[in-house]
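Heads up: the structure comes next, in structure tokens.
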Amino acid sequence: MALLSELTNTTVRDCIIDEENNRIIFLVNPDEVGKAIGARGFYVQQLRKILNKNIEIVGYSDKLEEQVKLALQPARVTDMKLVTRHDGTKVLYVAVDPADKAIAIGKGGRNIQRLKLILNRHFGIDSVVIA
């Protein structure tokens, strides 16, 4: 976190290490995402070389609805519903524009997995379903 913050002079809110997908997800203030990525992805490329992992920069919000939209950009979120099951698990159903469904899920489900990691860590949500 300190490395990205020093390189880019941005406020890094959190960093999630996803060993399964060999990536590090940095959460930064939404207005600083572009600055953290850098011109033509310069800072992301630098960090990838230094850390030898894929780097993803996502806007951070402490509001659930806003965080979902930031994490799924550029897919357009149209609706969402949080359901608590009888066993206490929380499931978030997210509706996206039909044209953006593939973008929201991502190659091999990477984007939906990223969203699940962020929501589990910051909002205690156990599962996410894209509709």
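All values below come from the heavy atoms of this structure, side chains included, with hydrogens, waters and symmetry mates left out.
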In the single-linkage hydrophobic clustering (I, L, V, M, F, W, Y; side-chain heavy atoms under 4.5 Å), do I37 and L70 co-cluster? no
With sequence neighbours left out, what residues match R13 under salt bridge (Lys or Arg N to Asp or Glu O under 4.0 Å)? none
Taking only residues two or more places apart in sequence or in another chain, which ones pass side-chain contact (heavy atoms from CB on, under 4.5 Å) with Q45? R48
Could you list the residues that satisfy side-chain hydrogen bond (donor to acceptor under 3.5 Å, both in side chains) with T10, not counting sequence neighbours? T8
Can you name the closest pair of heavy atoms from A36 and L4 and give their distance? O-CD1, 4.1 Å
Does any pair with a residue in residues 62-75 pass side-chain hydrogen bond (donor to acceptor under 3.5 Å, both in side chains), and if so which ones, sequence neighbours excluded? none
Check whether more than 12 heavy atoms from other residues, nucleotides or ligands sit under 6.0 Å from atom CG of N9, and answer yes or no. no
Tell me every residue that passes side-chain hydrogen bond (donor to acceptor under 3.5 Å, both in side chains) with D31, counting only those two or more places apart in sequence or in another chain. none
Pairs in or reaching into residues 99-131: which pass ring pair (Phe, Tyr, Trp, His ring centres under 6.0 Å), with residues at least two apart or in two chains? Y60-H122
Supply the members, apart from I103, of the Ile/Leu/Val/Met/Phe/Trp/Tyr cluster built from side-chain contacts under 4.5 Å; use none for a lone residue. none
Sequence neighbours excluded, which residues qualify as salt bridge (Lys or Arg N to Asp or Glu O under 4.0 Å) partners of E20? none
Listed pairs under 3.5 Å, donor-acceptor, residues 77-85 side chains, sequence neighbours left out:
{"from": "T78", "atom 1": "OG1", "to": "A95", "atom 2": "O", "distance (Å)": "3.1"}

So which pairs with a foot in residues 116-131 pass salt bridge (charged side-chain N to carboxylate O under 4.0 Å, His left out), sequence neighbours left out? D14-R121
Could I get the full list of ring-ring contact (aromatic ring centres under 6.0 Å, His included) partners for Y43, not counting sequence neighbours? none
Output the distance between atom CD1 (I25) and atom CG (L117), rounded to the nearest 0.5 Å. 5.0 Å
Please, which pairs that meet side-chain hydrogen bond (donor to acceptor under 3.5 Å, both in side chains) have at least one residue in residues 95-105, sequence neighbours excluded? R76-D100
